[in-house]
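Shown next, in structure tokens, is the structure this report addresses.
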Amino acid sequence: MTLLSVTDLTVTFDEFTAVDSVSFTIEPGETLGVVGESGSGKSVTALSIMRLVEMGTRAKITRGQVELKMHDGSTLDLLGQDEPTMRSIRGNQIAMIFQEPLTSLNPVYPVGEQIAESVRIHQGLGRKAAAVRAREMFDLVRIPEADKRIGQYPHEMSGGMRQRVMIAMALANEPDLLIADEPTTAVDVTIQAQILNLLAELQQQLSMSILLITHDLDVVRKTSNRLYVMHSGTIIEHGQTE
């Protein structure tokens, strides 16, 4: 059964159509690549799935359905849900890694506390149990000297380490779907390979699906099962990545 089905998704900014009648599906356990140049609508599509695109912007989702398979086997159209429902889904059943972790992480809290907070919200754990879970996630994403780094602030870490923290936070609640929006843009080529290999290994361990958004054809060639190409807000080509 399909995990996520996006049908006829259309997003406008005032009179400008940023995403125009986009449709695709994601199956359980697969990696779906979405590729296109900057401004093609990739990130707006991802933010619309999470129902984040309308927050603080003039964007409006004007048409479409985004149906998610729930744990009880039912399907839920995310575009018709209220904000409390979406907060329970974000970071829990669907999680997202953003392009630049330094702007996504809170600069005034240690990174370990930020992971623990996510676990407390979604799993209802106490502070001690949440801290243990955060420490486990540092080990899972292979952050060295974890006992030291868990108390660091984002600006005290390298770009590659911050990206690993973002992955740890995204996976702390074992989501069914991980949306990775340009997850290797802010790191060099060596770290890029490490991050992609880590995501592939964690996908196998956690049996999750990945929506990988990038402008890099080499990245999707190595990682995705199927590929959609976006241009000017529309899907212009799709098929098996090979």
Short side-chain to backbone donor-acceptor contact, Q152 and V111, under 3.5 Å: no
Donor-acceptor contact below 3.5 Å, side chain R164 vs main chain L198: no
Single-linkage hydrophobic cluster V132~M169, side-chain heavy atoms < 4.5 angstrom: no
Side chain proximity check, L47 to V44, heavy atoms < 4.5 angstrom: no
Pairwise distance CG(L177) to CD(Q93) - rounded to 0.5 angstrom: 10.0 Å
Derivation and outcome, salt bridge (charged side-chain N to carboxylate O under 4.0 Å, His left out), residues E83 and R90: CA-CA 10 Å; E83 182 56 22; R90 291 188 205 111; 2.8 Å; yes
Spacing of NE2 belonging to H122 relative to CD1 belonging to I89, to within rounding of 0.5 Å: 10.5 Å
Exam field: side chain T241 to backbone N225, donor-acceptor pair closer than 3.5 Å: yes
Heavy-atom pair with the smallest gap, counting every atom of I49 and I179: CG2-CD1, 4.0 Å
Residue pair A59 / V11: nearest heavy atoms and the distance that separates them: CB-CG1, 4.4 Å
Closest heavy-atom pair and its distance - A134, A116: CB-N, 4.1 Å
Over all atoms of both residues, closest heavy-atom pair of A168 and M137: O-CE, 3.4 Å
Close side-chain approach of D176 and H71, heavy atoms under 4.5 Å: yes
Shared hydrophobic cluster, M86 / V53 (ILVMFWY, side-chain heavy atoms < 4.5 Å): yes
Non-hydrogen side-chain atoms of E30 and Q203 separated by less than 4.5 Å: no
Closest contact, heavy atoms only, K69 versus T2: CB-O, 3.6 Å
Trace of the side-chain contact (heavy atoms from CB on, under 4.5 Å) decision for L196 with K222: CA-CA 9 Å; L196 292 174; K222 294 175 180 175; 5.7 Å; no
D181 side chain to F98 backbone, donor-acceptor under 3.5 Å: no
Distance in Å, M166 CE paired with M96 CE, rounded so as to fall on 0.5 Å steps: 9.0 Å
M161 vs I143, side-chain contact (heavy atoms from CB on, under 4.5 Å): CA-CA, chis, key distance, verdict: CA-CA 7 Å; M161 285 299 106; I143 293 178; 4.0 Å; yes
Min side-chain heavy-atom separation L178-I167 under 4.5 Å: no
Side-chain donor-acceptor pair present, D72, S74, cut-off under 3.5 Å: yes
ILVMFWY cluster membership beyond V119 - transitive side-chain contacts under 4.5 angstrom: L125
Any donor-acceptor N/O pair, E156 side chain to Y153 backbone, under 3.5 Å: yes
Transitive ILVMFWY side-chain link L171 to I121, under 4.5 Å: no
Working for side-chain contact (heavy atoms from CB on, under 4.5 Å), residues S48 and L9: CA-CA 9 Å; S48 299; L9 179 65; 3.9 Å; yes
Atom pair CE (M70) and CG (L76), whose distance is rounded to the nearest 0.5 Å: 5.0 Å
Side-chain donor/acceptor of N173 to backbone N/O of G91, under 3.5 Å: yes
E27 CD to R226 CZ distance, which is reported to the nearest 0.5 Å: 6.0 Å
Donor-acceptor under 3.5 Å (K42 side chain, V34 main chain): no
Point-to-point distance, once rounded to the nearest 0.5 Å, from CD of E237 to CG of L227: 7.5 Å
Hphob cluster co-occupancy, L3 + M1, side-chain heavy atoms under 4.5 angstrom: no
Neighbour count >12 (heavy atoms, 6.0 Å) for atom OH, Y109: no
Any L4 side-chain heavy atom under 4.5 Å of L211 side chain: no
Sidechain-backbone polar pair: Q114 side chain, N106 backbone, donor-acceptor under 3.5 Å: yes
Non-hydrogen atoms of A146 and F138 that approach each other most closely: CB-CB, 3.9 Å
R120 side chain vs A130 backbone, donor-acceptor pair below 3.5 Å: no
Close side-chain approach of H215 to E182, heavy-atom, < 4.5 Å: yes
Considering only distance and modelled atom types, tabulate donor-acceptor pairs under 3.5 Å from the side chains of residues 15-23, sequence neighbours left out.
residue : atom : partner : partner atom : Å
S21     : OG   : D8      : OD1          : 3.1
S21     : OG   : R63     : NH2          : 2.8
S23     : OG   : D8      : N            : 2.8

Same apolar cluster (I L V M F W Y, side chains within < 4.5 Å links), L105/V108: no
Side chain to side chain, L140 and Q205, heavy atoms closer than 4.5 Å: yes
Set of residues satisfying side chain to side chain contact (heavy atoms under 4.5 Å, CB included) with respect to E145, sequence neighbours excluded: K148, R149
Note, L212 side chain near P183 side chain (heavy atom, < 4.5 Å): yes
Test log, rule side-chain contact (heavy atoms from CB on, under 4.5 Å), inputs Q163 and I97: CA-CA 8 Å; Q163 196 63 282; I97 304 171; 3.3 Å; yes
Main-chain N/O of A200 paired to Q204 side chain as donor or acceptor, under 3.5 Å: no
